[in-house]
*Asks:* 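I have a structure here, written as structure tokens, and I will follow up with some questions on it.
Quick note: residue numbers are just sequence positions, from 1.
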Amino acid sequence: MKTDINYLCKKLHVVVLFSALMLSVSAQDIETGDVDSRPVKNMFESIWLIDNQTVVVPYKGTFEFDIQHRFGIVSNGYEDLFGLYAPANIRLGFGYVPFERLMVGFGITKTNLTWDLNAKYAILQQSRTGGSPLSMSYFVNAAIDTRDKDFFTNPDVVETVDRVSYFHQVMFARKFTERFSLQIAGSLSHFNTVDAFENPQGEIVNRWNNDHLAISVSARYHIVSWVNLIASYDQPLTEHEVLDPQSNVAFGIELTSSSHQFQIFATNFYNITPQRNNVFNNNNFGDGDILLGFNITRLWSF
């Protein structure tokens, strides 16, 4: 089933409204006559905000190690200690900033033994006064499912290219006050190969589309010097023949220092790899399909 254009238009108008709001706030800065083109400080504390990338690119020469962990669904209760002893998902990631505004990295996720290569570039950086009214970054990854071919539906014909997927995301963010920052992002997930089946009409159709569009909103509220409240929402836009991807609701708390960030949160995304989160999420937050998770980031400067 193809994406409903009218449905997309209704969702994407949020982007226009958000951009207009940030531009109007910028005009107030310019009217004061004060111009400070240096980027704002601490728009977000990490390259991650729960399950989503942020516009942040660390300083040149920064090496980063990430641990992303998702426990099981809490609704099983004491049976698996509210998901803490359920099968968990984890990603180990590594990143480096070789040039200002550019970060490159790689990682491996437990689900499907997925390796990913990724890059992020800060196209715009919000100025302290005047200058750019917002920050804009582009993130891309390429991921490969490295499980044994016997895990696939047609193992005898599986090629390397069939295992590969991609994720593209453009993020816009603004630090509105010293305490509050907001980001909105649009993403495209692409899978080289999709499963197919015969429908009741005898037609061979794909279970899901190769391409999937989604939109996300992320926010951070600063409480004290080392504590932030964080929240995000992800809305799928593409409709598929069989799959019915669920939206994601996530919120938590972030503890920070100069070289560490620790986030603990509730979410209904489990897969960690962004394209799999957006396309294959079956957990419905409203039905109680909630799991706990945490992200740990460690930074070194060289």
Side-chain angles (χ1 to χ4, degrees), residues 36-70 90-109 116 118-129 131-139 141 169 171-183 185 216 218-232 250-267 272 274 292-302:
D36 185 347
S37 60
R38 292 177 299 169
V40 295
K41 296 178 62 177
N42 303 324
M43 175 177 288
F44 297 102
E45 299 290 348
S46 171
I47 68 168
W48 296 99
L49 196 149
I50 307 180
D51 293 295
N52 289 311
Q53 286 279 331
T54 69
V55 292
V56 170
V57 173
Y59 294 112
K60 178 182 176 180
T62 298
F63 176 77
E64 176 167 328
F65 173 53
D66 299 319
I67 301 174
Q68 297 167 264
H69 196 287
R70 307 295 181 268
I90 188 170
R91 177 182 181 271
L92 303 178
F94 305 86
Y96 184 67
V97 185
F99 309 105
E100 288 294 341
R101 300 192 178 197
L102 175 66
M103 187 173 196
V104 294
F106 68 94
I108 181 169
T109 303
D116 67 86
N118 58 77
K120 180 163 58 174
Y121 184 73
I123 300 170
L124 296 174
Q125 293 179 314
Q126 180 184 341
S127 302
R128 300 188 185 187
T129 57
S132 176
L134 53 83
S135 292
M136 175 184 178
S137 293
Y138 169 66
F139 174 81
N141 81 14
Q169 188 171 50
M171 297 158 279
F172 301 88
R174 180 172 176 89
K175 185 178 182 182
F176 285 93
T177 70
E178 286 302 313
R179 294 186 178 273
F180 180 67
S181 300
L182 183 67
Q183 172 179 293
S216 68
S218 303
R220 166 247 193 195
Y221 185 80
H222 182 64
I223 301 176
V224 295
S225 60
W226 54 280
V227 180
N228 301 307
L229 295 178
I230 51 178
S232 65
F251 57 89
I253 191 168
E254 179 180 54
L255 310 176
T256 71
S257 72
S258 60
S259 59
H260 294 80
Q261 289 81 40
F262 180 73
Q263 300 174 352
I264 183 168
F265 45 81
T267 181
I272 302 180
L292 299 178
F294 64 81
N295 297 333
I296 300 176
T297 299
R298 177 68 167 94
L299 303 176
W300 293 269
S301 295
F302 295 99

*Asks:* Could I get the full list of ring pair (Phe, Tyr, Trp, His ring centres under 6.0 Å) partners for Tyr121, not counting sequence neighbours?
*Replies:*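 Partners of Tyr121 under the ring pair (Phe, Tyr, Trp, His ring centres under 6.0 Å) test: none.
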*Asks:* For a quick test of reading the model, state the closest non-hydrogen atom pair linking Ser37 to Ser127 and the distance between them.
*Replies:*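 Smallest heavy-atom distance, with atoms named: O-OG, 3.6 Å.
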*Asks:* Just say parallel, tilted or perpendicular for the rings of Trp300 and Phe63, cut-offs at 30° and 60°.
*Replies:*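 Plane angle between 30° and 60°, so tilted.
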*Asks:* Working to the nearest 0.5 angstrom, can you tell me the gap between Leu255 CG and Phe294 CZ?
*Replies:*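 With rounding to 0.5 Å, CG (Leu255) is 13.0 Å from CZ (Phe294).
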*Asks:* How far apart are the closest heavy atoms of Pro58 and Met103, and which atoms are they?
*Replies:*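 Distance-wise, the nearest heavy atoms are CD-SD, 3.7 Å.
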*Asks:* Examine the side chains of Gln126 and Lys175 and answer whether a donor and an acceptor come within less than 3.5 Å of each other.
*Replies:*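 Note: Gln126 and Lys175 side chains miss the donor-acceptor criterion.
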*Asks:* Could you check if a side-chain atom of Val104 sits within less than 4.5 angstrom of a side-chain atom of Pro98, using non-hydrogen atoms only?
*Replies:*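 The answer is yes, as the side chains (C-beta and beyond) meet within the 4.5 Å cut-off.
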*Asks:* Can you list the residues that meet the side-chain contact (heavy atoms from CB on, under 4.5 Å) rule with Phe251, with sequence neighbours excluded?
*Replies:*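 Phe251 satisfies side-chain contact (heavy atoms from CB on, under 4.5 Å) with Ala231, Ala266, Phe285 only.
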*Asks:* Can you name the side-chain hydrogen bond (donor to acceptor under 3.5 Å, both in side chains) partners of Gln263, sequence neighbours left out?
*Replies:*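 Glu254, Asn295.
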*Asks:* Say whether, by atom type as modelled, one donor and one acceptor occur between the side chain of Ser132 and the main chain of Leu134 under 3.5 angstrom.
*Replies:*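 Answer holds: yes.
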*Asks:* Restricting to side-chain hydrogen bond (donor to acceptor under 3.5 Å, both in side chains), what partner residues turn up for Glu64, sequence neighbours left out?
*Replies:*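 Not a single residue meets the side-chain hydrogen bond (donor to acceptor under 3.5 Å, both in side chains) criterion with Glu64.
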*Asks:* Sequence neighbours left out, what passes side-chain hydrogen bond (donor to acceptor under 3.5 Å, both in side chains) with His222? Give chain and number order.
*Replies:*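 side-chain hydrogen bond (donor to acceptor under 3.5 Å, both in side chains) list for His222, sorted by chain: Asn228.
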*Asks:* Grab the two heavy atoms, one from Asn118 and one from Phe106, that are nearest each other, plus how far apart they are.
*Replies:*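 Distance-wise, the nearest heavy atoms are ND2-N, 3.8 Å.
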*Asks:* CG of Leu182 to OG1 of Thr177: how many Å apart, nearest 0.5 Å?
*Replies:*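 Reported value, rounded in 0.5 Å steps: 11.0 Å.
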*Asks:* Taking only residues two or more places apart in sequence or in another chain, which ones pass side-chain hydrogen bond (donor to acceptor under 3.5 Å, both in side chains) with Tyr138?
*Replies:*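 Tyr138 satisfies side-chain hydrogen bond (donor to acceptor under 3.5 Å, both in side chains) with His168 only.
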*Asks:* Would Ile67 and Leu92 count as a side-chain contact (heavy atoms from CB on, under 4.5 Å) here? Give the steps.
*Replies:* CA-CA 5 Å; Ile67 301 174; Leu92 303 178; 4.1 Å; yes
*Asks:* Holding to side-chain contact (heavy atoms from CB on, under 4.5 Å), I want the full list of residues that pass it with Ala122, two or more places apart in sequence or in another chain.
*Replies:*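 For Ala122, the residues satisfying side-chain contact (heavy atoms from CB on, under 4.5 Å) (neighbours in sequence not counted) are Val57, Arg101, Gln125, Ser137.
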*Asks:* List the atom of Val55, the atom of Met171, and the distance in Å for their closest heavy-atom pair.
*Replies:*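 Here Val55 and Met171 meet closest at CG1-CB, 3.6 Å.
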*Asks:* Work out which heavy atom in Ile253 is nearest to a heavy atom in Ile230; give both atom names and the distance.
*Replies:*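 For Ile253 versus Ile230, the nearest heavy atoms are N-CG1, 4.0 Å.
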*Asks:* Is it the case that atom OH in Tyr59 sees more than 12 heavy atoms from other parts of the structure closer than 6.0 Å?
*Replies:*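 It does not: Tyr59 OH has 12 such atoms or fewer within range.
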*Asks:* Once rounded to the nearest 0.5 Å, what's the spacing between atom OG of Ser216 and atom CD of Gln183?
*Replies:*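 These two atoms lie 6.5 Å from each other.
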*Asks:* Would you compute the distance between atom CZ of Arg298 and atom CZ of Phe262 and round it to the nearest 0.5 angstrom?
*Replies:*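 Arg298 CZ to Phe262 CZ: 15.5 Å, rounded to 0.5 Å.
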*Asks:* Counting only pairs under 3.5 Å, give me each side-chain donor-acceptor contact of residues 40-49, with atom names and distances, residues two or more places apart or in other chains.
*Replies:*
from	atom 1	to	atom 2	distance (Å)
Glu45	OE2	Arg220	NH2	3.0
Ser46	OG	Trp48	N	3.0
Trp48	NE1	Asp66	OD2	3.2

*Asks:* Tell me every residue that passes side-chain contact (heavy atoms from CB on, under 4.5 Å) with Phe99, counting only those two or more places apart in sequence or in another chain.
*Replies:*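 Result, side-chain contact (heavy atoms from CB on, under 4.5 Å) vs Phe99: Leu102.
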*Asks:* I'd like to check Leu229 versus Ile223 (side-chain heavy atoms, cut-off strictly below 4.5 Å). Are they in contact?
*Replies:*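 Yes, close enough: below the 4.5 Å cut-off.
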*Asks:* So, Arg174 side chain and Pro133 main chain: donor-acceptor pair closer than 3.5 Å or not?
*Replies:*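 Yes, because the side chain of Arg174 sits within donor-acceptor range (under 3.5 Å) of the backbone of Pro133.
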*Asks:* To the nearest 0.5 angstrom, please state how far the OG atom of Ser232 sits from the CG atom of Asn52.
*Replies:*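 CG of Asn52 is found 5.0 Å from OG of Ser232.
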*Asks:* Mind checking what makes side-chain contact (heavy atoms from CB on, under 4.5 Å) contact with Ser301, not counting sequence neighbours?
*Replies:*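 With neighbours one apart ignored, the set is Thr62.
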*Asks:* For Ser225 and Thr256, which heavy atoms make the closest approach, and how far apart are they?
*Replies:*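 Minimum heavy-atom separation between Ser225 and Thr256: O-OG1, 4.1 Å.
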*Asks:* What pairs with Trp226 under ring pair (Phe, Tyr, Trp, His ring centres under 6.0 Å), at least two apart in sequence or on another chain?
*Replies:*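 In terms of ring pair (Phe, Tyr, Trp, His ring centres under 6.0 Å), with neighbours along the sequence ignored, Trp226 is linked to no residue.
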*Asks:* Please examine the side chains of Arg70 and Asp51, heavy atoms only from C-beta on, and report whether any two atoms are closer than 4.5 Å.
*Replies:*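 In contact.
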